[in-house]
Amino acid sequence: MKGFVTALLLACVALTSRVKADDLSGGECLECHLEIEDPITELWKDDVHAHAGIGCDGCHGGDSTKDDSELAKRSGSGYRGQFTPRQIVLSCGGCHADIEYMKARKPLLSVDQLEKYWTSQHGKLLAKGETRVAQCVSCHGAHGVREVNDPKSPVYAANVPATCAHCHADAEYMSEFDIATNQYDEYAQSVHGKALLEKNDVRGAPACNDCHGNHGAAPPSIDAITNICGTCHSYNAELFLGSPLAPGFKEKSLADCVACHGKHLITHASDDWLEDEPGGACRKCHETGDEGSDLALYYADTLGSIRQSFDEIDELLARAEVKGMDVTEGEDYEQAARQGLLQARTLIHAFSKPVMEEKVTDIAQNQAAALEVGYAQLKAFDDRRRGLAISTLLLLLLTIGVAIKIRTLPPLE
Amino acid sequence: MKRLLDRRTILNWFVGGSTFAWLGSVLHPVVRFLMPPPEQEAAVSAVKAASLTEMAPNSGKIFKFGRKPALIVRRVDGSFAAFLAKCTHLDCVVQYRPDKERIWCACHDGFYDLNGTNVAGPPPRPLDALEVHTKGDDVYVTRKS
Amino acid sequence: MSTSPENPERALLAWLKDRYPVAQFVEWAEHKTVPVGRGAFWYYFGGITLFLFLIQVGTGILLMFYYKGSADTAFASVRFISAKVPFGWLVRSIHAWAANLMIFSVFIHMFSVFFMRAYRKPRELTWLSGIVLLALLLGFGFSGYLLPWNELAFFATKVGTDIIGVIPVIGEPIMYVLRGGEEVTGSTLPRFFALHVALFPALLTLFMAAHLFFIQLQGIHEPDAWKTQPEQRKTMPFFPHFFMRELLLWLITFNILAVLAVFSPAELGVEADPFSPAPAGIKPEWYFLSTFEFLKYMPAHIGPLEGEEFGLLIISLGFLLWCLVPWIDRGRSRTMTTVVMVGGMAILVFLTILTYLGYVA
């Protein structure tokens, strides 16, 4: 009985949630296409335009009041069948670039998509007649267009990499365009890719469009790179632009952040990069013995010894903790020092020894305090043992006394 | 008259003496325990975060709330707000940016307004808010009740 | 004898004798005896339990000087005791260890009484009051466990009160009252604190007084064999022979506590967060492990009852039988005695195995 009621309820919910064709705009076109079970009609049910009162004729023209196909598509009805890519762009842009039209319907939506599109690599090629490039429909879909923040939308942040990869990772499709096709694979392994695709950090982690732009997608210019990375890594960017390295990079046309961190395959930066060894980030330009190499060596040594101190602290605190001592205060200092190390790694981007020295002093103080807690706790444990030994010794004396006393008691009969 | 040092007397002295000595070793910790330690309790319900005189309007200060870093902010209008200072994106400690009158996380440029609401950048949710009370010149922070 | 300033000790005695029947008391004390024989060792455990209780009272009062019984402050104040108060770690660790040892020694005491068949007439009420004392001690353990307000205690309390809630009809209201609401929250803590430091000590003192009073009235149980073979009867005076030996054991127990406190101090763990998911490996204190484990093995349903309900029913029946032991085995039928003794042994083995299983699980 219970199961039946549940099933009934579920059926009701399912029925009501299914949008009836009558509610969708599309007029007689939709009626007919529903009858022939055109898959487009299924997509159309979720399309933002269908719910905004825009019918098939909004893009395709024709007369949606006629229930006869011939009549509906008759010449003079403005019917346009399938679109060429260029037609698509102009058709979408026809409304979306119309400030007055959009203001009345979606006032918060920007209207610069078309303008930006023509500045994009895709748009430029399309303008030259190349039709295999991405246009509106390639990313947004045609009849099932969803809002950007709809997780089912192909342009939802977490879906963007796959959407771009649909073409850009297809070596055969891209073969004529003289462009790499490993971006997606590299990105998926990068910190950003892992954060977005594995941890689903849609607010934080950048997808392709966050660096390349979306409607104006193009490889960023070298000058733009620090600003692009600086959108999120603002402090790093600020430090770098104020550092002695910035003018040199500009002069040599080096791509600031990318020069050391790479682009699509950005992995967690490692202190090893600073080492004065072939393959080290600094060794790409600096040679052993020059000013930059000395600074790198200083960084590497300093961070190395800080890390070593952490090992020492961990070992010491663990040793005290195993003995049952309270080391939370030491852990607090260690935590502060670790936060400091995080900041120190950021401060590398200032490429200035004094800036780093100040932070290192701060870290060293916290580390020293943590060590002090550890040693104090170990000493306190020894004190406990000593106190216990004294007390036990006194008790032993007392026990012996009482035991002798018991023996001197009159014997039992 | 008994001999002054017969076996019984020695034994009694021995037992008495060691009783006193041992009791001393028991009472010593008890007496020390009862003496209030100089350092007062670290993490209690209310923490003195700052003083009115030290905090000018449009400034912020990191303080320790129990074991966690916390941020107290004095708004331009002189009112206070306090939050746990851990950014809700990753684990960085946030700070006050007087130039923007906002709370800022340097790690990925996340911004919170002075109600703790995440307004820009990666933070997925608002900061955990604390409650501020002033008493005389002292500014106390407590958990949100 | 008048008050003589030359001998103050005697003067005080005389002063007392003038006002109270001191002589009668001394007379009684001199004649109080304890049986000597094979089982004599077990007679010390009642006294050890008493001693550990006194330790608990002492350390408990000390802890209350610093403990703050509210969800906001409890954890921090316990950490303060452990980390900042001089010898706070010692007082807290002794309190924690003595609690465990006390429950251990009270179990030894109970089973030794059981196997010596000391519960028989005329000591039925001593047996019953002892069972009440055991229940109170378990209550002490359960309520005290929550007080540091750490994660482990929080979830153990959740599970423990859940089990109470399974009892039909009265279970849910009791659980509601104990928790101070639907769930274990900050309102639970003051309730447990009140039980731990006010209600339970009051009740315990009352029942302990009754328990000891019964023993003083009836004397200590002597082995059954002595009734038929009076020539074997052998006793020692309570004062000073037994008393001194007991004292010695108390001192040694105290030192064992100190050693345990130094080498295995009470841990604190992480502060309880009512909104965090339960961590893995939540276990109650060892003396509840057997119950916990027993209920775990119950199938989902047994007949019309839920498995847990059935388990609790079995436990309650067992407990009732345990209370009624003095009336079941009155020493009239040898078969009955054997049945009860074997039953008791089975219970002991069963509890030990379940506790072990719970411990290794």
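Residue numbers start from 1 in every chain, and the chains themselves are labelled A, B, ... in the order their sequence lines are given, proteins ahead of strands.
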Chemist: Between chain A and chain B, which donor-acceptor pairs sit under 3.5 Å apart?
Modeler:
residue	atom	partner	partner atom	Å
B/Asn12	OD1	A/Lys405	NZ	2.2
B/Ser25	OG	A/Ser391	OG	3.3
B/Arg67	NE	A/Asp332	OD1	2.9
B/Arg67	NH2	A/Thr328	O	3.4
B/Arg67	NH2	A/Glu331	OE1	3.4
B/Arg67	NH2	A/Asp332	OD1	3.0
B/His89	NE2	A/Asp201	OD2	2.6
B/Asp109	N	A/Cys232	O	3.1
B/Asp109	OD1	A/Ser234	OG	2.8
B/Pro123	O	A/Arg203	NE	2.9

Chemist: Among residues at least two apart in sequence or on other chains, which ones pass side-chain contact (heavy atoms from CB on, under 4.5 Å) with A/Ala259?
Modeler: A/Phe249
Chemist: If I measure from the heavy atoms of chain A, does B/Pro29 come under 4.5 Å with its side chain, its backbone, both, or neither?
Modeler: neither
Chemist: Would you name the heavy atoms of B/Cys107 and A/Leu342 that are closest together and state the gap between them?
Modeler: SG-CD2, 4.4 Å
Chemist: For chain B, find which of A/Leu393, A/Ile400, A/Ile390, A/Leu395 contributes the most heavy-atom pairs closer than 4.5 angstrom.
Modeler: A/Leu395
Chemist: Pick one of side chain, backbone, both or neither for A/Leu397, based on which atoms fall under 4.5 Å of a heavy atom in chain B.
Modeler: both
